[in-house]
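Written below as structure tokens is the structure these notes are about.
So that the names make sense, note that chain A is the first sequence line, chain B the second, and so on, each numbered from 1.
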Number of protein chains: 2
Amino acid sequence: MARIKTDKNVSRKDVIVTKAAVLFREKGFKAASMRDLAEAVGVEAASLYNHIKSKTELLHELCFGVANRFMHKIDEIEAEPGTAIEKVERLLRFHINEMISHYEEVYVSDREWKHLADPYLSNFQNQRRIYRKRFAAIIENGIRNKEIKKIDAPTAVLIMLHAIGGIESWHRSTQKISAEALEDNMITILVGGLVNR
Amino acid sequence: MARIKTDKNVSRKDVIVTKAAVLFREKGFKAASMRDLAEAVGVEAASLYNHIKSKTELLHELCFGVANRFMHKIDEIEAEPGTAIEKVERLLRFHINEMISHYEEVYVSDREWKHLADPYLSNFQNQRRIYRKRFAAIIENGIRNKEIKKIDAPTAVLIMLHAIGGIESWHRSTQKISAEALEDNMITILVGGLVNR
DNA sequence: AAATCTTACTAACAAACGTTATCTTCGCTG
DNA sequence: CAGCGAAGATAACGTTTGTTAGTAAGATTT
């Protein structure tokens, strides 16, 4: 009987959730089975249920973990002083870093949230909608003080957020440029597309 | 016994493939069942197999249909005269229009190709890799004649392609700007992020 | 060392899945 | 209108799925 190994401050549930993120990213939520997950953890499938309530709970955990981090960040950025362009850049850099260093969870949260069940689904969609509105509001401010080109702000948000999803391909790529170079390139292109000159 | 309705020049298989695209987009390939599809088509699940070989065949059909269209387009654009920026813009406009007018298929091809089985999977991944290389080569040309900023071309490609995936959100959105406005906004931001000035 | 709580295993379930085999019915062609 | 091929329905199959119940073994506390 091989127990799930844990370091200090990491519950067995955390181990499971982390492995689930990897699996959900690789195969997708529906295609990843609890037996797959059990094998990855080194345990029988049924044993997982000593630590979690259901497969969907794993998805909740992942999606809302990520969503909360982004919400806190935009709170922070809205409160800070700075031009609109500076705020957009800070937010983008945060997105990029999250996608680089918490790849699995962010990716899963981005692509697999559809499989959440109500009421979590509606809740998640709401948070997402609100987040985008707040992001768009920052851009609209920038348009008003002529920092930013006259563009449709929601469209700009949509481009920014999805562009960052492309880091997925960077992760897969064999000949990666450095994470810092990736970040700077993305900022150059994306912010360069916004600024008015 | 209610037959599948077909117009002229549209086989019953085409009807099934088209409905499958809608379903695969809504629920994902794995979560969409053949019984779901049968219901959407207005027939029993087993009856579908008079027209198709397997569920996966539907995915092949969709993924390679889309991939081929993009391959032909980039052939065309490479052969045409024009600056690098013009070529990038043409390619982007094509992507945007495909995403707007063949939403379901393009979306499915983009997000669900993972569930292809070999040898189709490797084949598809190859095509994708080659396409991106050719796109990157156009951008690299632009960098050489100083039309385009000094950026990492593969990163630029990755941003462009994923940004366009954001049109998904536009489709869902209740207060849509017009398709033309969407296209122009995207071009402004994306091409604006590339040009050297 | 005894008692208790935690964590794992085995066995099994009901439901849903893709798919096949068999038979019936519809619609067209001669 | 007879006959044939295309297209549908019914029933069933073997898997795989998420999950539960009951039990044994390890870890921790008394």
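- For B:Arg12 and D:dA7, the shortest distance from a side-chain N or O to OP1 or OP2 is below 4.0 Å.
- Side-chain atoms of B:Ala46 lie closest to D:dA11 of the nucleotides D:dA11, D:dG18, C:dG18.
- In this structure, B:Ser47 reaches the D:dA9 phosphate: one of its side-chain N or O atoms is under 4.0 Å from OP1 or OP2.
- When rounded to the nearest whole Å, the span between CE of B:Met34 and P of C:dT20 equals 10 Å.
- Hydrophobic clustering (ILVMFWY, side-chain heavy atoms < 4.5 Å, transitive): B:Leu62 and B:Ile164 are in distinct clusters.
- Following rounding to the nearest Å, B:Asp36 (CG) and C:dT19 (C1') show an atom-to-atom distance of 16 Å.
- The residue among A:His51 and B:Lys30 whose nearest nucleotide of DNA chain C lies closer to the 5′ end is A:His51.
- Backbone-only contact: B:Ala32 has heavy atoms under 4.0 Å from sugar-phosphate atoms and none from a base.
- Taking atom NZ on A:Lys13 and atom P on C:dT6, their separation rounds to 15 Å, with Å as the unit.
- Distance from the side chain of B:Glu44 is smallest for D:dT10 among the nucleotides C:dT10, D:dT10, C:dG18.
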Evaluation steps, salt bridge (charged side-chain N to carboxylate O under 4.0 Å, His left out), between B:Glu57 and B:Lys13: CA-CA 11 Å; B:Glu57 192 205 354; B:Lys13 179 168 173 175; 2.7 Å; yes
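- Counting to the nearest Å, the P atom of C:dG18 and the OH atom of B:Tyr49 are 7 Å from each other.
- Side-chain proximity of A:Val43 to C:dG18, C:dC9, D:dT17: nearest is C:dC9.
- Ring geometry for B:Phe29 versus B:Phe24: interplanar angle over 60°, hence perpendicular rather than tilted (30 to 60°).
- Rounded to whole Å, atom P of C:dG18 lies 11 Å from atom CG of B:Leu23.
- Between the C1' atom of C:dT10 and the CG atom of A:Leu48 lies a distance of 15 Å, rounded to the nearest Å.
- Computed from coordinates, the A:Lys55 NZ to C:dA16 P distance equals 15 Å when rounded to whole Å.
- Ring geometry for B:Phe70 versus B:Tyr131: interplanar angle over 60°, hence perpendicular rather than tilted (30 to 60°).
- A donor atom on one side chain and an acceptor atom on the other are found under 3.5 Å apart for A:Asp14 and A:Ser11.
- Remark on DNA chain D: of its neighbouring residues A:Arg35 and A:Asn50, the 5'-side contact belongs to A:Arg35, judged by nearest-heavy-atom nucleotide.
- Whole-Å rounding puts the B:Glu57 CD to C:dG18 C1' distance at 14 Å.
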